[in-house]
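Contents: one structure, followed by commentary.
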Amino acid sequence: MDGVPYFIRLEEALAIVRDMPTVDSEEEAMLDDAHGRFLARDLVSLVDDPPFDNSAMDGFACTHDPNATYPLKLSMTGVVPAAKADGSLIVEHGQAVRIMTGAPMPSGANAILPIERCEVDEDEQTVTLLDEPKPHFVRKCGENIRKDAVVLARGTRLTPSRVGLCATMGHAVVPVVRRLRVAILSTGDELKTPGTALKKGEIYESNSYGLAGLTTWAGHQPVRFDAVSDTMDALRAVLDEAAQTCDLILTSGGVSMGEFDYVRRLMEEEGDIKFWRMKIRPGSPPLFGDWNGTPLFGLPGNPVSSHVVFRLLVAPYLRHATRSEGPVEWHVRARLCDPVKSTKDCLTLRRVTLQSTPEGMMAHQPRHQGSGNIESLASADGLTMLQPGQSGEVGEWIDVMVL
Ligand code: AMP
Ligand code: MG
């Protein structure tokens with residue numbers, strides 16, 4: 001592996017990953033299918049929002065008179081329910097019309113008093129305003145969004161409120177980035193599918209389930225392959241199939257220094273490796289390259305490590321490849337409540353729980369953590385981003401990546 005970057009920092013690995021070509025293809029999605037997708041183009045509004053001046057309150061619409069005093073009795077001359085624009089209704093001085101939230105403002109009216117501050121006399125057909133009517137209860141045409149303005153940029157993740165915004169702008173269908181097909185391939189003779197009986201020496205295969213979940217969380221499509229046995233031929237055959245049918249390959253296991261670490265050996269002999277091993281703990285063994293032109297992340301076999309490396313490396317790759325923003329990786333500052341052992345040259349990612357207190361966010365590391373202990377990840381809120389040489393003493397303020 002002469003010349004291949006080896007045991008590099010996270011930033012160096014990210015730079016290599018972000019140098020890969022992008023995969024630009026788009027499709028259309030109905031709004032109901034657009035949740036969690038990414039916009040493939042800038043989206044302009046087809047209408048003004050609101051499309052017309054309307055009332056923000058149930059109450060009475062009238063003309064604001066700066067010289068009036070209150071209480072003020074006005075004659076009731078009509079009603080405007082939502083969606084009923086009665087062009088003939090004109091409000092003059094001394095008059096008020098009953099109006100519902102969202103209903104168009106009748107001509108002549110420019111202020112609203114909410115119903116709670118009005119006294120109606122049905123017999124007399126009058127309303128007494130107890131306070132001054134308010135111009136700010138009129139929602140003006142286009143005050144939120146102007147027609148033809150770019151409101152959502154390409155790459156934006158369609159969260160529920162943004163899907164609602166697309167509908168408000170008049171779009172029934174939106175252009176979205178095609179979901180990448182992500183092959184998920186576990187390797188190891190010891191791995192058995194959950195639901196079958198274990199023999200001595202066997203364990204349940206769990207990484208592919210976690211990685212499939214992470215792929216869906218990142219907005220893409222997992223394609224799970226059966227666990228591959230530890231032989232060069234079996235692995236080569238599955239990698240060929242995955243490279244033909246998917247946009248990205250994730251393998252787990254088989255990338256360390258061991259004799260049976262066939263992903264590394266095969267990639268070394270027949271693939272193209274762009275880097276191997278990173279200065280992170282846990283998760284130092286990852287390998288990145290391509291197999292027959294399809295990018296491949298060789299993730300570590302230990303369940304915590306494969307998950308951590310997905311968050312640190314694969315998620316940023318997916319965002320880069322599709323030029324999309326993806327779900328956000330939040331970092332918060334937190335104070336260590338338990339000591340965390342740092343290392344001389346690696347970024348240390350320990351699992352912590354977070355607690356919000358008046359003194360700020362507190363990070364606790366409650367139990368023994370091995371990279372094979374998926375329970376320590378399942379019960380954690382975040383990962384410490386402890387820099388090489390940082391003390392990790394109780395009381396230190398550190399960065400934590402929220403899981
Ligand atoms: P390896 O890198 O292949 O030596 O695997 C490291 C450790 O992770 C070993 O204890 C494996 O049994 C375990 N392991 C590898 N792949 C998986 C998997 N898909 N699910 C659960 N554990 C795994
Ligand atoms: Mg293995």
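The structure displayed is predicted, hence computed values, not measured ones. Counting starts at 1 for both ligands and their atoms, following the listed order.
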To check your reading of the model: name the closest protein heavy atom to [atom], its residue, and the distance in Å.
{"atom": "atom 4 (O) of ligand 1", "answer": "Asp261 OD1, 4.0 Å"}
{"atom": "atom 17 (C) of ligand 1", "answer": "Asn207 ND2, 3.4 Å"}
{"atom": "atom 14 (N) of ligand 1", "answer": "Gly301 O, 3.3 Å"}

What atoms of ligand 1 come within less than 4.0 Å of a heavy atom belonging to [X]?
{"X": "Ile203", "result": "12 (O), 22 (N)"}
{"X": "Ser186", "result": "19 (N)"}
{"X": "Glu205", "result": "18 (C), 19 (N), 20 (N)"}
{"X": "Glu190", "result": "11 (C), 12 (O)"}
{"X": "Ser252", "result": "19 (N)"}

Measure the acute angle between the ring planes of Tyr317 and Phe288, then classify it against the limits of 30° and 60° as parallel, tilted or perpendicular.
tilted
Where does the angle between the aromatic ring planes of Tyr262 and Phe260 fall among parallel (under 30°), tilted (30 to 60°) and perpendicular (over 60°)?
perpendicular
Atom pair CG (Leu266) and OG1 (Thr187), whose distance is rounded to the nearest 0.5 Å:
11.0 Å
What I'd like to find out is whether the side chain of Val23 reaches to under 4.5 Å of the side chain of Arg178, using heavy atoms alone.
yes
Can you tell if the side chain of Arg311 reaches within under 4.5 Å of the side chain of Leu349, non-hydrogen atoms only?
no
When you measure from the heavy atoms of [X] to every atom of ligand 1, does any distance fall below 4.0 Å?
{"X": "Gly188", "result": "no"}
{"X": "Gly254", "result": "yes"}
{"X": "Ser206", "result": "yes"}

Tell me whether Glu132 contacts the main-chain N or O of Lys134 through its side chain, where contact means a donor paired with an acceptor under 3.5 Å.
no
Under 3.5 Å donor-acceptor, Asp230 side chain and Asp189 backbone:
yes
Heavy-atom proximity to atom 10 (O) of ligand 1, best of Asn302, Ile374, Leu185:
Asn302
Do any nitrogen or oxygen atoms of Pro303 come within less than 3.5 Å of a nitrogen or oxygen of ligand 1?
no
Pair Arg139 + Asp49: basic N to acidic O under 4.0 Å:
no
Have Ser376 and Arg351 got a donor and an acceptor in their side chains that come within less than 3.5 Å?
yes
